[in-house]
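Report on one structure; see the data block that follows.
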Amino acid sequence: MAKRILVVDDEPAIVKLVQFNLEKEGFLIDVALDGQMALNMVESHAPDLIILDLMLPKVEGLEVCRRIRRKQKHIPILMLTAKSDEFDKVLGLELGADDYLTKPFSPRELTARVKAILRRLEAIKESDHTIESRKEIRVGDLLIDAEGYEVTKQGSAIDLTPKEFELLLYMVNHRGKVLSRDQLLNAVWNYDYIGDSRIVDVHVSHLRDKIEDDSRNPAYIKTVRGIGYKLEGRKDR
């Protein structure tokens, strides 16, 4: 079944470019020209992925992202940002966006990003990439249900975005190993970011805020200076 993608942008030229190239790849495309329309269409059309511009009329993109994440935690969001909007990129990731693409972008890169995000979600849902992915995994006080996309800590649910969950699951499956930022980019995002490691750091920071008792002195995700990160903690099946 073809995947349904919601494109949210108020620039007709961008919408036409995105729609044309994704429809060529067999995707079903819905279009929203402002933030309020986007929120309405998320409820009525149940998209598999959202391409979201941050500069929108009526409801700005960051607020759209925030509201979607309150109700629809598992829909991946690919943000479109201006090249100079570094603050908005980081804030968008912290609000739950899975990825970002800077304008102007090439249609080929956009298509690759969309396919990579959807491919990773399918891999996690099928839970066939590691033996552990088909089981509940306990690490310290954390209980990770790979099939249900759920994490609890001492019995209390932790609200993770899809990408935060995938990052945690990958690190759990490689517990005790030092993982470089490039390794995490390739494994979790499924393509190279050409040296842009900010997206990893932001997701790790947000993940720490949710799973650690003290994110400044983490018990689970340790920073290995100059290399990347390592997940620690006793693991029980």
Side-chain angles (χ1 to χ4, degrees), residues 1-35 37-38 41-42 45-56 61-62 64-65 68 74-93 95-126 129 161-164 166-167 170 180-203:
M1 181 180 297
K3 297 293 185 181
R4 182 176 293 276
I5 297 175
L6 174 60
V7 179
V8 187
D9 201 306
D10 65 334
E11 296 183 53
I14 296 292
V15 171
K16 186 176 180 179
L17 176 70
V18 173
Q19 184 170 8
F20 174 77
N21 284 277
L22 291 181
E23 284 181 343
K24 279 201 311 181
E25 298 295 329
F27 295 108
L28 300 176
I29 305 300
D30 296 313
V31 175
L33 301 178
D34 61 61
M37 185 185 299
M41 293 185 74
V42 169
H45 288 64
D48 296 293
L49 181 144
I50 301 169
I51 297 174
L52 177 66
D53 186 37
L54 294 189
M55 298 295 293
L56 294 171
L62 290 173
V64 171
C65 184
I68 289 172
H74 303 314
I75 301 176
I77 298 174
L78 171 61
M79 296 187 305
L80 301 180
T81 72
K83 189 172 184 178
S84 60
D85 291 341
E86 188 67 22
F87 175 78
D88 285 345
K89 292 175 189 175
V90 174
L91 183 55
L93 294 173
L95 292 175
D98 298 88
D99 195 359
Y100 67 83
L101 194 59
T102 300
K103 294 180 178 181
F105 54 84
S106 73
R108 180 177 297 180
E109 184 176 11
L110 174 71
T111 301
R113 297 281 181 104
V114 167
K115 288 182 175 180
I117 292 170
L118 293 173
R119 188 163 56 242
R120 286 299 303 165
L121 283 181
E122 287 301 315
I124 293 293
K125 288 178 182 177
E126 291 172 4
H129 57 298
T161 67
K163 194 57 63 179
E164 289 165 357
E166 292 171 32
L167 178 60
Y170 184 82
S180 70
R181 291 172 175 82
D182 287 342
Q183 281 179 280
L184 292 170
L185 283 170
N186 188 42
V188 179
W189 280 263
N190 209 29
Y191 53 84
D192 294 328
Y193 264 73
I194 317 177
D196 185 357
S197 64
R198 172 64 66 86
I199 196 169
V200 173
D201 295 334
V202 170
H203 277 81

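When all heavy atoms of Leu80 and Asp53 are compared, the closest pair comes out as O-OD1, 3.2 Å. When all heavy atoms of Lys115 and Phe27 are compared, the closest pair comes out as CG-CZ, 4.2 Å. Minimum interatomic distance between Asp48 and Leu118 (heavy atoms only, all atoms of both residues): O-CD2, 3.9 Å.
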Would you mind writing out the side-chain donor-acceptor pairs for residues 6-17 within the sub-3.5 Å range, not counting sequence neighbours?
{"unit_1": "Asp9", "atom_1": "OD1", "unit_2": "Glu11", "atom_2": "N", "d": "2.8"}
{"unit_1": "Asp9", "atom_1": "OD2", "unit_2": "Lys103", "atom_2": "NZ", "d": "3.1"}
{"unit_1": "Glu11", "atom_1": "OE2", "unit_2": "Lys103", "atom_2": "NZ", "d": "3.1"}

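Put simply, the side chain of Val18 does not reach to within 4.5 Å of the side chain of Phe20, judged on heavy atoms. Residues Arg181 and Asp201 meet the side-chain proximity criterion, which asks for heavy atoms closer than 4.5 Å. Using a 4.5 Å heavy-atom threshold, the side chains of Ile29 and Val31 count as touching. A 4.5 Å side-chain heavy-atom check between Asp34 and Met37 finds at least one atom pair inside the cut-off. For the pair Cys65 and Leu52, the minimum side-chain heavy-atom distance is below 4.5 Å. Contact annotation: the side chain of Leu101 never approaches that of Met79 to less than 4.5 Å [non-hydrogen atoms, C-beta and beyond]. Counting heavy atoms from C-beta on, the side chains of Thr161 and Glu164 come closer than 4.5 Å. At a threshold of 4.5 Å between non-hydrogen side-chain atoms, the residues Leu185 and Ile199 count as touching.
Side chain of Glu166 to main chain of Lys163: no donor-acceptor pair is present (N/O by atom type, distance under 3.5 Å, no hydrogens or angles). A donor-acceptor pair is defined here as one N or O able to donate and one able to accept, closer than 3.5 Å; no such pair exists between the side chain of Lys3 and the backbone of Gly26.
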Test log, rule side chain to side chain contact (heavy atoms under 4.5 Å, CB included), inputs Ile51 and Ile77
CA-CA 6 Å; Ile51 297 174; Ile77 298 174; over 6 Å; no
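One distance of note links CZ of Phe105 with OG1 of Thr81; it measures 10.5 Å at 0.5 Å rounding. The distance from atom CG of Asn21 to atom CD of Glu109, rounded to the nearest 0.5 Å, is 12.5 Å. Rounding to the nearest 0.5 Å gives a distance of 7.5 Å between CG of Asp30 and CG of Leu28.
With Pro76 as the partner, the side chain to side chain contact (heavy atoms under 4.5 Å, CB included) test is satisfied by one option alone out of Asp98, Ile5, Ile50: Asp98.
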